[in-house]
Amino acid sequence: MTPQEVLAMCRENDVKSIDFRFMDFPGLWQHFSIPASKLDEDVFEDGLGFDGSSIRGWQAINESDMLLMPQPDTAFIDPFCQLKTLVLICNVQDPITREDYTRDPRNVARKAVNYLKSTGVADTCYIGPEAEFFIFDDVRFDQTPQAGYFYLDSVEAAWNRGRDYRAEGMGPNLGYKLRHKEGYFPCPPADQLNDIRAEMMQLMIDCGLDVECQHHEVATAGQAEIDLKYNDLVTMGDHQCLYKYIIKNVAAKHGKTVTFMPKPLFSDNGSGMHTHISFWKGGEPLFAGSGYAGLSDAAMYAIGGILKHAPALLAFTNPTTNSYKRLVPGYEAPVNLAYSQRNRSASCRIPMYSPSPKAKRIEFRCPDPSSNPYLAFSALMMAALDGIQNKIDPGEPLDKDIYDLSPEELAEVPKTPGSLEEALQALSGDHEFLLRGDVFTEDVISTWINYKMENEVKALALRPHPYEFCMYYDI
């Protein structure tokens, strides 16, 4: 849309408020609003000022003034606000130079796409994420100098089989609880969240998202997945922000709570975000060919680039300390850096659902939904592109159940980093491929590493863990 069409949309829908949204550095949507009467064409040209020093990982206090530049083609009507509200996603600029801000994640994604086009390799990168999440009925957590705990609950969970709801004034307990690792696809009444997921799905459609399916996931306690059809990289970054916003707010409307933490539960499956990627040029898919699993040479090289840079890549696709509690053997999470057709225990999988060349793609199974989508998708694209540019050989496929390999065979398979700190160290030593085309900058890389080390890695290392009391209190 144009600015004029956005203004017409406001009039036609009797919009009263305009909400401006942008992504902070770690990956949360931020916003503020103005009365609809204050929106005119000049706002799209001149932008709106805000304090960049109050946003995580951004400006210092002495250089805090920044501009939000609304993008008219992102407009949608917010489905949750009581006052009729139109939302515009924004880019971020420096108010003095009017240059796009290098630490704006959406700007990184835009530069990634422009760089891809400039190489001549492809003109479009399609991304298709499969984000998983948990819907809980109760969550409590705290960390103080003398206490630390978390408590989660779900009406579906196996641990509530014997709960006496009548004694708590709720009852009765109807006994439909999901056994551990049996949450994948049971029908209601065992699946007690179908209507909520369906409402999430419909609101996404109403807001312009192309939804492919919704279903319960493997874990016992409210784990879910809603899949969006693939789209170009920047648009999918925008859509993932809206996706999370809708999911969280529908859950809150029903008195429930959602987390995109990769591993909130011990001894059950975590939440991943298997991400499908493909390159196209002139409307034609570049990953279809006559090689292994119907792949082209370009696709094989792209796999080579992803596997080569995976340890560094995970600093963006798996960016929390909690991410590495999911990346452990035995819970369907890929910890071995290998590729295979159909094999879900490989970190790179080539889906074989359709013989169509247009469906040929690479599924990178390591990412999780705690990631900043703009940065994660951009880093993945840059790794695949580097593989093509440098013709990186991915080696031989591993068409076996990787979890059943002998210790000798398994020792030959490279592994994902064991912690966020290891991934950040890998990124520190391997990020030249991200700097090409000024997509990521040295400032973005160093700021990301420093922010994560100081605010997450070190913060966790300083605090006693509740389980340490189980192990060590009586020594």
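The basis for the numbers below is simple: all heavy atoms, side chains too, and nothing from hydrogens, waters or symmetry mates. A quick note: this is a predicted structure, and the numbers were derived from the prediction, not measured.
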Polar contact flag, side-chain donor to acceptor under 3.5 angstrom, [X]-[Y]:
X: Asp368; Y: Ser370; value: yes
X: Tyr292; Y: Asp399; value: yes
X: Asn450; Y: Thr447; value: no
X: Thr124; Y: Asp232; value: no
X: His276; Y: Glu130; value: yes

State, yes or no, whether a side-chain contact exists between [X] and [Y] at a heavy-atom distance under 4.5 Å.
X: Phe316; Y: Phe440; value: yes
X: Thr119; Y: Gln389; value: yes
X: His274; Y: Pro129; value: no
X: Arg436; Y: Asp386; value: yes

Quick one: does any side-chain atom of Lys263 pair with a main-chain N or O of Arg326 as donor and acceptor, under 3.5 Å?
no
Donor-acceptor pair, Asn455 side chain versus Tyr451 backbone, under 3.5 Å?
yes
Just checking Leu462: does its CG atom have more than 12 heavy atoms from other residues, nucleotides or ligands closer to it than 6.0 angstrom?
yes
Determine, for [Y] and [X], whether the Lys NZ or Arg CZ falls below 6.0 Å from the six-membered ring centre while staying within 45 degrees of the axis.
X: Arg21; Y: Tyr245; result: yes
X: Arg140; Y: Tyr151; result: yes
X: Lys256; Y: Phe136; result: no

Within this structure, what is the CD1-CZ distance for the pair Ile362 and Phe279, rounded to the nearest 0.5 Å?
8.0 Å
